[in-house]
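None of the values given here were measured: they were computed from a predicted structure.
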Amino acid sequence: KINKSVLFHSKSQKMMTKAFQPLSLLLLVFISSLHSSSKHANAFPLSTQSRWIVDDSTNSRVKLVCGNWAGHLQPMIPEGLDRRPIKELVGEIVKNNFNCVRLTYAIYMWTRHGNRIVNDTLNDLDLPEVVEGISKYNPSVLKMTHIEAFDAVVDEIGSQNVNVLLDNHVSEAKWCCDDDDENGFFHDRHFDPPEWIHGLTLAAKHFHEHHAIVAMSLRNELHGPRQNQRDWYKYMSKGALAIHKTNPNVLVVISGLNYDTELQFLRKKPMNIDLGKKMVYETHLYSWSGIGTLKLKEIWTKQPLNRICENSIEGLDERAGFLTTGENAVPLIFTEFGFDQTGSTTEDNRFLTCLQTYLVGRDLDWGLWAFHGGYYLREDKIHLDESFGVVDSTWHKLRYPNFTDKFQLLQRKNQDPTSKHCNEYMMYHPLTGQCAQVNENNEIEIGNCENQKRWSYNGSQIILSDSKKCLSASGEGLPVSVSDDCESKNSSWKTASLSKLHLATVDKNGKELCLHKDSNSSVVMI
């Protein structure tokens, strides 16, 4: 997994004074559409148009905003069926503004255990607590086969107008991943290429014409000592073509090497296969993933944040982000990123703020690990809590109280290839997830992104759209406002810092000052 980021810091490290932290700064984010929800009911089938995913019937952009829902572990059913009825579980996904589920499964469920009854598997695993819970909330599931249980979940997801990205996570049903798990790359003990292709084909055939299934991935996080590019091209091509031939309606999602952090080899040798307009790539990113010289999670607290963010962004664009640019651009989905949603991990908090700025700035499709609040059985532990889960261990409440605000802009469609609204920006505060507004005193403050103001930027002035007013600074430590005086030095702004997204002006003494949110209020200051 990786780390990507974008934030600001002034030209010299000395400018990052104790007056504010880097994460309190504001930045300009390019937008090219009117406010648009990412919800998109009954968008089937989907195709690609350059770097975008679009609805075939309308040719309008669809932004996939996914929650990962695990179903690939030993019980081989989606998690949480022992905690709430399926309808209510899917309702939580909808309530929290996801329009997509990345639903994970194991190949062996299709090739070896397709006719096995759920209750028998749970009894063999000695999980009486899980059986009791499912019998209370979803009793019919116990008599189903594993595939029928998946059908029940997919049907309910579809009935609530949510899309499904069906993800082959592993072959042997288990937690993923370790380099020595023999489940990571072609010809591992549990990664036989013909059986893998057979499993993909069975899944593609089974869900043919099911309108909830809009995409299928080839494999989650390839890893381990057997990794090599030759086999990657050979077998990923075969797997992609097998899915496309069997179910030409779905997007085919292709992962890279090294836990899905590396796709840079495609620069010199693109995949030479014909999937029509169905080819999509995916990548993953976590605070511990490491890019370039960044290898350890602790770096997020031991090095200047802007330096880490700048290095991470460069590394991410080098390894995967480049796919969305140029004449042969294709969609790239961040199918996994995540953070400790208890909020107790400083490294994850800093990482998330960096990454969300990258995702918002490029308006990428994404999948958060994870939606689910825990596991039936994970690594021999029963009812293990998932601290990265959107819902808590009760499956009724948000684990991260500020989730709605923090993710509001991420969950919106901010760029649209068909939009006539070009060269407009919003001012975004990544630490809170909120956007800049203009109050009754013409001062800038932070608030809900539903009501954010739009701005234009000519390289110097930041001008409020549909007006002649521009952003103006009064002095260090004072609120920033909009003013009719756009020619003064105080109304001149430039991007600053290593990551080139922070906004700074210069006072009368030549001191560079960054735009930031006041620590005690919603007011924006310098």
Residue pair H284 / T335, side-chain donor-acceptor N/O under 3.5 Å = yes

Next on the checklist: We want to know whether S171 and R219 form a side-chain donor-acceptor pair, criterion being a heavy-atom distance below 3.5 angstrom.
Outcome noted: yes

Are the charged groups of E336 and R102 less than 4.0 angstrom apart, N to O? yes

(request) Before accepting this row, confirm whether a basic side-chain N of the pair R226/E182 lies closer than 4.0 Å to the acidic partner's carboxylate O. (result) yes

Hey, is D365 close enough to R61 for a salt bridge, meaning N to O under 4.0 Å? yes

**OP:** Using a strict 4.0 Å threshold on nitrogen-to-oxygen distance, state whether E195 and R112 make a salt bridge.
**Re:** yes

| task | Give a yes-or-no answer on whether the side chains of H146 and Y105 include a donor-acceptor pair shorter than 3.5 Å. | result | no

task: Establish, yes or no, whether a centroid distance under 6.0 Å links the rings of W369 and F388.
output: no

*asked:* We want to know whether Y281 and D260 form a side-chain donor-acceptor pair, criterion being a heavy-atom distance below 3.5 angstrom.
replied: no

Open item on the list: Any donor-acceptor pair under 3.5 Å linking the side-chain atoms of N220 with those of H169?
Closed with: yes

Tested for side-chain contact (heavy atoms from CB on, under 4.5 Å) against V65, the lone hit among N96, N99, N163, N97 is N99

Report task. Check whether the side chains of E132 and S135 place a donor and an acceptor atom closer than 3.5 Å, and report yes or no. Result -> no

### Task
Check whether any side-chain N or O of Y428 sits under 3.5 Å from a backbone N or O of C449 as a donor-acceptor pair, and report yes or no.
no

